[in-house]
**Student:** 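My questions will all concern the structure given below.
By convention in this document, chain letters (A, B, ...) are assigned in the order of the sequence lines, proteins followed by strands, and residues within each chain are numbered from 1.
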Number of protein chains: 2
Amino acid sequence: MTFQRQQRPATQADVAREVGVSRTLVSFAFRGTSGVSDETRLAIFDAAKRLGYRHNAAAAALASKQRTAVGLYLLDLRNEVFSDVLNGVRLALPQARNRLILSVSRSIGGEDQGALDSLIEARVGIIIAATLLDPDERVRELAQMVPVVSVTRRVEGVDSVYPDDHAGARAAVEHLLGLGHTRIAHLAGPQFDGHTVRREAYEQIMRSAGLTPQTVAASDFTHEAGERAAAELLAGPDRPTAVFTHNDQFALGVREAAYAMGLTIPGDLSLVGYDDSPTARLHGIDLTSVDLHAVELGKIAGSVALERLNDPGAPIADRCITPQLVVRRSTAPSAS
Amino acid sequence: MTFQRQQRPATQADVAREVGVSRTLVSFAFRGTSGVSDETRLAIFDAAKRLGYRHNAAAAALASKQRTAVGLYLLDLRNEVFSDVLNGVRLALPQARNRLILSVSRSIGGEDQGALDSLIEARVGIIIAATLLDPDERVRELAQMVPVVSVTRRVEGVDSVYPDDHAGARAAVEHLLGLGHTRIAHLAGPQFDGHTVRREAYEQIMRSAGLTPQTVAASDFTHEAGERAAAELLAGPDRPTAVFTHNDQFALGVREAAYAMGLTIPGDLSLVGYDDSPTARLHGIDLTSVDLHAVELGKIAGSVALERLNDPGAPIADRCITPQLVVRRSTAPSAS
DNA sequence: GTGAAAGCGCTAACAA
DNA sequence: TTGTTAGCGCTTTCAC
């Protein structure tokens with residue numbers, strides 16, 4: 001059983017012909033512009049339905065020179081943070097603005113111009129990006145072509161919505177210090193512009209506590225990369241008694257690496273993640289983590305995007321959200 | 001510090017004027033069409049760069065009447081199955097076809113015409129949908145407007161790529177039967193067209209084993225809905241000793257509900273999920289689950305989409321993948 | 001309340 | 001190898 005597809009999708013001209021009015025009227029009717037009699041409007045809708053007419057958003061955007069769609073760039077869909085951001089963005093956007101074009105990075109380990117290009121070429125009106133790995137300068141260049149709202153990362157000169165990573169890292173490290181840990185390691189991500197705050201805060205706080213920071217960097221931001229880096233870290237000499245990771249994916253990687261070596265958590269190793277993803281909350285995982293309020297970040301990003309769309313000349317938005325440490329059962333007093 | 005945006009984005013006409021050639025040449029140069037001298041081509045690229053020219057995909061699609069973009073409809077980003085499908089699709093699509101427009105449902109509990117409409121109005125060439133909740137008839141109507149590849153669900157008359165849910169459910173239930181369980185409950189999703197196979201298979205297999213099926217249906221496909229349904233199920237009389245759930249999200253919900261009641265897994269309750277999501281594999285979760293090979297489903301869907309695009313008249317694809325039970329530590333012999 | 005005509009940025013014959 | 005011309009489906013003055 002096959003279904004024959006219409007040869008040529010119906011256009012406004014077809015509808016106009018069917019009803020016996022001009023194309024203009026049809027266009028007006030569909031956009032709710034005043035100046036169409038109710039009678040005509042109804043007749044148009046009726047004919048449209050009969051003909052299976054569908055509004056062509058691309059053609060409309062071209063003709064009106066309006067960039068109506070919102071582009072959403074996400075680094076990695078497997079990381080729950082990004083789906084939360086998406087959900088937040090959607091909550092903030094009104095129905096009308098809900099033409100969301102999503103683009104997901106192909107490379108979690110580095111820059112990815114391709115995904116952004118596709119958004120630019122789709123002529124979106126604004127790009128909400130979580131998380132850009134490109135250098136600040138590149139982000140600013142991008143922002144000259146199309147407005148950008150940077151989420152989870154602050155970029156000077158570009159609308160930014162991000163967590164106070166210094167405060168977040170401080171809460172995490174101080175929690176571990178308070179438990180008596182001294183050999184606290186940090187599992188960082190690859191060091192891109194704007195993604196070093198957690199690491200720097202960790203190192204600074206360790207130093208002010210008179211301790212030596214020990215940082216290892218994973219090759220990208222995935223669970224797997226975290227696990228590889230953790231395996232090395234834990235196998236090394238002077239194994240840390242606690243690890244603070246750049247994100248929850250890494251923390252899950254550390255868990256797997258630790259268990260694979262026969263270590264227990266928090267018995268042999270205390271663990272603090274970052275994101276407070278849904279997985280962290282599961283019984284059996286119970287990961288202590290820094291909640292960066294991803295949904296909230298998304299919501300704010302959405303509203304910032306709307307403001308920018310309405311007023312291209314408005315001052316740059318700089319919205320910093322305070323994250324919150326959520327203590328669960330992956331951390332315990334130091335045994336030593 | 002603000003960055004001035006260009007008033008009017010450069011067009012091919014601007015580039016042509018700059019170089020002193022016709023618009024056609026510029027168009028040719030950008031699409032790699034033969035018939036442009038290397039010298040001209042280079043001059044064009046150079047000028048384009050200088051002017052900040054960006055190809056306008058929307059205008060190009062309009063003019064060429066080609067529907068180049070691929071629309072991807074996903075039910076729920078928080079469910080790892082769907083990100084896996086996305087990743088699979090992307091693996092299958094060649095670079096050129098990688099203009100992926102993603103649309104995520106707003107309602108995990110029911111139909112969602114809005115998300116599909118936005119894909120239609122964006123004039124995508126094909127929609128890869130995972131998972132459609134609409135009635136079969138509606139999906140077929142949709143497929144008349146634009147080709148559809150239905151993923152994780154078989155729809156008669158529409159290209160479909162899906163797991164053999166009967167076999168998957170059988171493997172799960174027989175595993176539990178083999179462990180000596182007799183009071184095996186099933187946590188089903190809301191009963192939409194095409195989403196009843198797992199449930200029906202469960203009930204049929206229970207009956208052929210001379211047992212009484214006990215099915216409860218959650219209100220949508222999320223962890224939370226699963227947890228609510230599970231709380232009721234486990235609090236009821238004649239508590240089951242094993243639960244087989246429609247998906248892993250539900251299984252995670254059952255876990256939480258069980259632990260909240262002081263039950264242990266698999267001590268008091270054996271649990272089998274469906275999806276074999278990354279979370280299922282975590283130490284501390286160790287969920288026995290039916291692997292439906294989501295990445296593979298996505299890959300096949302991508303290649304089916306390409307075939308359909310190349311040959312609109314080809315026979316309907318019907319690709320059924322055999323899922324695989326992965327036994328972990330959430331199932332144990334029945335105590336009774 | 002309605003329509004005619006021009007044009008959005010691009011592609012696609014067809015000429016030259 | 002290059003240019004000319006005519007649209008794609010829609011919006012938008014501006015006139016009736």
Side-chain angles (χ1 to χ4, degrees), chain A residues 6-44 47-48 51-69 96 99 120-125 145-146, chain B residues 6-44 47-48 51-69 96 99 120-125 145-146:
Chain A
Q6 302 177 255
Q7 311 309 333
R8 191 179 59 82
T11 70
Q12 290 189 340
D14 296 323
V15 177
R17 201 175 307 117
E18 174 87 4
V19 181
V21 294
S22 75
R23 309 227 270 307
T24 315
L25 267 294
V26 179
S27 176
F28 281 5
F30 271 98
R31 284 173 301 140
T33 312
S34 64
V36 187
S37 69
D38 286 353
E39 197 182 2
T40 313
R41 183 187 307 279
L42 252 45
I44 287 173
L51 298 176
Y53 166 76
R54 292 321 224 80
H55 192 246
N56 184 331
L62 179 59
S64 69
K65 313 192 69 167
Q66 300 234 49
R67 303 178 154 14
T68 102
R99 258 171 46 63
I120 294 176
E121 294 180 0
R123 290 297 192 269
V124 296
M145 313 216 60
V146 46
Chain B
Q6 303 175 254
Q7 311 309 333
R8 191 179 60 81
T11 70
Q12 289 190 342
D14 297 322
V15 177
R17 200 175 307 117
E18 174 87 3
V19 181
V21 294
S22 78
R23 310 229 271 309
T24 315
L25 267 293
V26 180
S27 177
F28 279 7
F30 272 98
R31 284 173 302 143
T33 311
S34 65
V36 187
S37 70
D38 286 352
E39 195 183 4
T40 314
R41 183 187 307 278
L42 253 44
I44 287 173
L51 298 176
Y53 166 77
R54 292 320 223 84
H55 191 245
N56 185 332
L62 179 59
S64 68
K65 310 194 70 167
Q66 300 233 49
R67 301 181 158 13
T68 104
R99 259 171 47 62
I120 294 176
E121 293 180 359
R123 290 296 192 268
V124 297
M145 313 215 60
V146 46

**Student:** Please state whether the phosphate of dT11(C), meaning OP1 or OP2, lies under 4.0 angstrom from any side-chain nitrogen or oxygen of Gln12(B).
**Tutor:**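 Result: yes.
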
**Student:** Does a side-chain heavy-atom distance below 4.5 Å link Ser64(B) with Arg31(B)?
**Tutor:**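 Side chain of Ser64(B) against side chain of Arg31(B), heavy atoms only: no contact under 4.5 Å found.
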
**Student:** What integer distance in Å separates Leu62(A):CG from dG7(C):C1'?
**Tutor:**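 Taking atom C1' of dG7(C) as the reference, CG of Leu62(A) is at 9 Å.
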
**Student:** Run the ring-ring contact (aromatic ring centres under 6.0 Å, His included) test against Phe30(B) and tell me which residues pass, sequence neighbours left out.
**Tutor:**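 ring-ring contact (aromatic ring centres under 6.0 Å, His included) list for Phe30(B), sorted by chain: Phe45(B), Tyr53(B).
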
**Student:** Walk me through whether Val19(A) and Val26(A) qualify under side-chain contact (heavy atoms from CB on, under 4.5 Å).
**Tutor:** CA-CA 9 Å; Val19(A) 181; Val26(A) 179; 5.9 Å; no

**Student:** Could you state the CZ-P distance from Phe28(A) to dT2(C), rounded to the nearest angstrom?
**Tutor:** 11 Å

**Student:** Which value, rounded to the nearest 0.5 Å, describes the distance between Arg54(B) atom CZ and Thr11(B) atom OG1?
**Tutor:** 14.5 Å

**Student:** Does anyone know the first and last nucleotide of DNA chain D in reach of chain A, 5' to 3', at under 4.0 angstrom to a heavy atom?
**Tutor:**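 From 5' to 3', the first and last contacting nucleotides are dG9(D) to dT12(D).
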
**Student:** What is the separation between atom CZ on Arg31(B) and atom P on dG9(C), rounded to the nearest whole Å?
**Tutor:**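 Computing the Arg31(B):CZ to dG9(C):P distance gives 17 Å.
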
**Student:** Could you say whether Arg41(B) or His55(A) is positioned toward the 5' end of DNA chain D, judged by the nucleotide with the nearest heavy atom to each?
**Tutor:**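 By nearest-heavy-atom nucleotide position, the 5'-most residue is Arg41(B).
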
**Student:** Supply the atom-to-atom distance Arg23(B) CZ to Arg17(B) CZ, rounded to the nearest 0.5 angstrom.
**Tutor:**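 So the gap between those two atoms works out to 9.0 Å.
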
**Student:** Starting from C1' on dC8(C), measure out to CZ on Arg123(A) and report it in whole angstrom.
**Tutor:**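 Taking CZ of Arg123(A) and C1' of dC8(C), I get 12 Å after rounding.
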
**Student:** Taking only side-chain nitrogens and oxygens of Lys65(A), does any of them come within less than 4.0 Å of OP1 or OP2 of dG9(C)?
**Tutor:**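 Result: yes.
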
**Student:** Give me the residues of residues 18-27 of chain A where at least one heavy atom lies under 4.0 Å from an atom of DNA chain C, by number, or none.
**Tutor:**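 Correct list: Val21(A), Ser22(A), Thr24(A), Leu25(A).
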
**Student:** Let me confirm one number: the CZ-CD distance from Arg123(B) to Gln66(B), rounded to the nearest 0.5 Å.
**Tutor:**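 Between atom CZ of Arg123(B) and atom CD of Gln66(B) there are 15.0 Å.
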
**Student:** Taking for each residue the nucleotide of DNA chain D bearing the nearest heavy atom, is the 5' side occupied by Asp38(B) or by Ala59(B)?
**Tutor:**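 Checking each residue's closest nucleotide, the 5'-ward one belongs to Asp38(B).
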
**Student:** Within the structure provided, determine whether Arg41(B) and Ile44(B) are in side-chain contact (heavy-atom separation under 4.5 Å).
**Tutor:**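 Side-chain contact under 4.5 Å: no.
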
**Student:** What are the two closest non-hydrogen atoms of Asp14(A) and Pro9(A), and how far apart are they?
**Tutor:** OD2-O, 4.1 Å

**Student:** Base, sugar-phosphate or nothing for Phe30(B)? Non-hydrogen atoms, less than 4.0 Å.
**Tutor:**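 If one applies the 4.0 Å heavy-atom cut-off, Phe30(B) turns out to touch nothing in the nucleic acid.
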
**Student:** Taking side chain as C-beta onward, heavy atoms only, is Gln12(B) less than 4.5 Å from His55(B)?
**Tutor:**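 Gln12(B) vs His55(B): side chains touch.
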
